[in-house]
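Report on the following structure.
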Amino acid sequence: MTAQTTAMEALQKELDRLNRAPGLSATEDRVDKIIEMLTSVKDQIVQSGMDTHVASMSITKIQNPIKSTFDKINDDLKGVTATQRKLGKTLDKHFPLKDLPSTHDAMADQESLINRAISMHLLREGQFSVASTFIEETGDAATLENVNAVVEGQDQVSASDNYDDEPMDEDRDDDDDDDEDDDDDDDEDEYMSPLEGAATGLGFRQLQNLSSLQSHELEAKFSQMYTILQDIKSRNLLSAIEWARSNSGELEARGSNLEFELSRLQYVWLFKGPRVNGLPDNELNGTAGALLYAQQNFWRFGNRYIGEIQQLANAQIYARNLSESPYRHIFSTETAFADVASSFTREFCSLLGLSAESPLYVAVTAGALALPLLIKYQQATRAKGTEWTTTNELAFETPLPERMLYHSIFVCPVSKEQTTEQNPPMMIPCGHVLAKETLQRLLKGTRFKCPYCPAEGLEKDARRIMI
Amino acid sequence: MADHEASKINHDNHLLLDQPLLRLPYELLRKNFRSAHFTVEKESTTLNKLLKETAKGSLDGKTSPEDVVKNLDTMIAKMRGMKRKLSTYANKETRLYKQLDARVAHLHELSDMHSVEDVKYEAWSRKRLDRLLVDYMLRHGYNTSAQALANEREMHDLVDVETFLTMSKIRESLENGSVTEALAWCNDNKKELRKLQSNLEFLLRCQQYIELLRINTPSKSVEAITHAKKYIAPFQEQYPDEVREMAALLAHRPTDKNLPPKYATWYSPDRWTKLATCFVEAHNKLLGLPTFPLLHTALSSGLSALKTPACHGTQKTTSSSQPGHSQTSMTSTVCPICSIELNELAKNVPYAHHSKSHLDNDLLLLPNGRVYGQAKLDEYAAKAGLPEGQVKDLVTGEVYSRTALKKVFA
């Protein structure tokens, strides 16, 4: 058992004790008692016709009972405080307040940047109403404009790559099927309808805020993404396929399989028939419907996915006992929709020049992992009397899990330093790599000897590489 | 394996960001209890005294039965009042117990998780991020947003909206030139402030004095002196220099020509801002809250841990995926530091220290100086539908023959 589990358990135990013990509410009952006693004395005196004897007797009589009730209240309170204090001791013991690094706050003057990061994070998460409130409260509209400028720049590029000139069909309203005439750039108009139509619970005031903000482009994009994601969630792939089609040029340039992935899943979904997919039982559904779909749509993929398409076609033969067929893995849709949803999110964000996962989330999670090391280092240096001055590089290691390592890192085995733009990695003719400064230190005139192998070389034969 | 180690959750220190989470309700509990206790003490003493007097008076014949009844009414009213107060305290206590339960439960969830790769960990970490965001918003006064987010995520028990709202109100009142609320708060927390050796109350009293002097009429000056005698003189031992300066202010008014700077600062309007800051500091210290929003702490260490020299470089390196047209699906996981959201923010933090290289296997050098792992090149070539002997640069899109590639040993 780790120290943490015992800590949590100890805490839980104290908490349970706290909950079982009488709290302040018990004293209320005792106060009631006192009120009762006082009231009864008053009644006695009044009923006796304000008799002096009754008055003095009765009031003297209740002195002690009242006093003892107060004593009991005090005892109760003592009990409450004792239990609470125990909790405090447990907290002190197991969760002592450690000094968080407070001497140097790198984020101190960056309020507007942090606000912007938060706004975008909220938008990514689909928290449109909170985002709009936050943007308004921080007066952040201006800074989001800048983001939009960058994002829009991306959009221009991708738009020019579309050879399939269908407009992005944002509208999911039933009566708006003929949106073909809408311009791609007319995001403003298209933007209002999905939200209005879907009535996603945004108050009218917030809707007004959203549309009155200069920066609604970004929200429009995310809102579109969320609309499509909702569709995928309810097993409707059409809007996603539409989007993939209208961006197929860009997607292909990226080497993305999204359009095919979506079409294939649609085929599989139709294949499963009305009982599984809940769609009307007609010629567009079932194995026949799937075949029809394939005939109408798979031509787009040319020769690229010929193997996969073959498999899908062959599966028709096994329609009756798919689970026994060699293709059953293609037809298991348990995670397929979730997978395609995340592929879609990734591609959609990438086309906007944004990462698929919220950078703020990754940064904070990484921070939680790195913080203990920072504190340990600070404590160690403080003990030695030195200070952690902000140089360019941290003075201690902060290992992160693989998926949080986004860049290649080259550490020169000789100098043990990371390569940078000023000190880039150099490859020498034998194929080994050294940091430039290391190489220069090894030079004897214009020649050097590789530290790893007997090979020698001239300075001019070393070339800078980019990892 | 190195990655397994890095992914492991170290339970002993993973909760550093969560310390105030448990501390605050506890401190509030204690504060609540003290208030209840004080009320009981005060009222019971008064009542017992009145009771004794009435009884004695009645026995002595000095108090008539009518008066006895009158006193009884007073006592009943007092007790009713005390009960109402106790009820409020009891309710608060119950709410705080509930909060503690919820928070301990939330932190307890972590003990079942052992790796950051755990699916449940992600949900837990997102909850933590939400908490940090609400905390940040509250500290900066974005109260509406904080409440909106807390409502959206239904995490009221995990955040301390009420506490910060109260703090906000007092801070605003100070910024608007009123000491009343702040003084009331000081009164409520006298003992603790004394323990902390806070000079807040002193500064507030000085400010009242200064405001009286600012009016610069004879009657106000007299008022000021009375005020000083009552409220400032007691601090003579503690803050002798300041008290002396306060006395000197009598002779130096804000409208004076050539007002010496040290007196000018006392009269300056940004004293109010200083007072507000002083209050916030005292408030946070009292309740065991960290000086900076926890989000700052998490961000600065997180940004550093993620940052590499390449993140702010001018070269479009192979592995960094800055937003660009020539992006591929395979290099698409954009580094958070390179992202629009964080790039600017991370400019001034140090980058992470690595003692080991982190590169693809089987590196190959393309004629354009870029280096990729063989697996990546093969995959991309297949996706691009290239013939057998060719590869394509994932970033620039240039196509090369495989024979032009050189092996790299790094």
Side-chain angles (χ1 to χ4, degrees), chain A residues 2-5 8 23-25 28 31 35 38 42 50 55-56 59-60 70 100 102 105-107 113 117 120 130 133-134 137 157 254-256 350 353 355 359 362-367 370-372 374 393-394 397-399 401-402 406-411 420-421 431-433 465-467, chain B residues 3 6-7 11-13 16 44 55 58-59 65 68 72 75-76 79 83 89-90 93 108 111 125 129 142 145 148-149 290-292 296-298 300-302 305-306 308-310 313 319 323 325 328-329 332 334-336 339 341-342 345 349-350 353-354 357-359 370-371 383 407 409-410:
Chain A
T2 67
Q4 219 270 342
T5 29
M8 289 308 313
L24 289 176
S25 42
E28 287 181 71
V31 179
I35 296 178
L38 291 171
K42 175 181 162 189
M50 301 301 196
S56 43
I59 197 159
T60 317
F70 272 123
L100 289 180
S102 56
D105 185 17
M107 303 285 113
L113 283 177
M120 292 191 65
V130 181
T133 314
F134 185 69
E137 213 170 1
V157 174
R254 291 172 45 82
S256 161
S350 302
S355 61
V362 179
V364 169
T365 309
L371 193 60
L374 170 58
E393 189 175 340
L394 286 179
E397 263 198 278
T398 49
E402 188 82 23
Y406 299 89
H407 293 271
S408 293
I409 306 275
F410 178 68
V411 176
T420 64
E421 232 165 74
H432 289 118
V433 183
I465 59 170
M466 291 199 264
I467 51 170
Chain B
D3 189 49
S7 301
H11 288 108
D12 288 336
N13 53 30
L16 284 170
S44 65
S58 179
L59 281 171
V68 171
L72 279 172
M75 288 188 251
I76 293 173
M79 283 297 101
K83 181 175 170 199
Y89 293 130
E93 190 183 72
H108 206 135
S111 16
S125 189
L129 177 58
Y142 305 131
S145 310
L149 185 54
T291 349
F292 306 114
H296 285 203
T297 319
S300 47
S301 49
L306 289 168
T308 66
S319 48
H325 179 36
T328 67
S329 251
S332 70
V334 178
C335 161
S339 72
E341 287 106 310
L342 299 179
L345 199 54
V349 300
H353 175 69
H354 290 269
S357 295
H358 178 245
L359 297 161
R370 294 178 175 271
V371 169
K383 276 202 173 142
K407 269 210 171 142
F409 303 103

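In the text below, chain A, chain B and the rest are named by the order of the sequence lines, each starting its count at 1. Just so you know, these numbers use all the heavy atoms, side chains as well, and skip hydrogens, waters and symmetry mates.
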| request: Go through the steps for B/Leu345 and A/Met107 under the test side-chain contact (heavy atoms from CB on, under 4.5 Å), then give the verdict. | output: CA-CA 8 Å; B/Leu345 199 54; A/Met107 303 285 113; 4.1 Å; yes

| query | Which answer fits B/Leu149, side chain, backbone, both or neither, if we ask what part of it has an atom under 4.5 Å from a heavy atom of chain A? | reply | both

| request: Find the one option among B/Pro336, B/Ala298, B/Ala305 whose heavy-atom pairs under 4.5 Å with chain A are most numerous. | output: B/Pro336

| field | A/Phe410 versus chain B, the contacting section by heavy-atom distance below 4.5 Å | value | both

| remark: Greatest number of non-hydrogen atom pairs under 4.5 angstrom with chain A, of B/Ala90, B/Ser145, B/Gly302, falls to B/Ser145

| query | So do B/His358 and A/Glu402 actually touch side chain to side chain, heavy atoms under 4.5 Å? | reply | yes

| Residues in side-chain contact (heavy atoms from CB on, under 4.5 Å) with B/Ala55, at least two apart? | A/Ile59, A/Thr60, A/Gln63

| request: Kindly write out the residues that satisfy side-chain contact (heavy atoms from CB on, under 4.5 Å) with A/Ser56, not counting sequence neighbours, or none if the list is empty. | output: B/Ser58, B/Leu59

| request: Output the distance between atom NZ (A/Lys42) and atom CG (B/Leu72), rounded to the nearest 0.5 Å. | output: 8.0 Å

| A/Ser355 side chain to B/Ser339 side chain, donor-acceptor N/O pair below 3.5 angstrom | no

| request: Among the options B/Ala410, B/Pro309, B/Ser357, pick out the one with the most heavy-atom pairs lying under 4.5 Å from chain A. | output: B/Ser357

| query | Quick one: what part of A/Val31 sits under 4.5 Å from any heavy atom of chain B, side chain, backbone, both or neither? | reply | side chain

| query | If you count heavy-atom pairs under 4.5 Å with chain B, which of A/Ala366, A/Gly367, A/Ala55, A/Pro359 comes out on top? | reply | A/Pro359

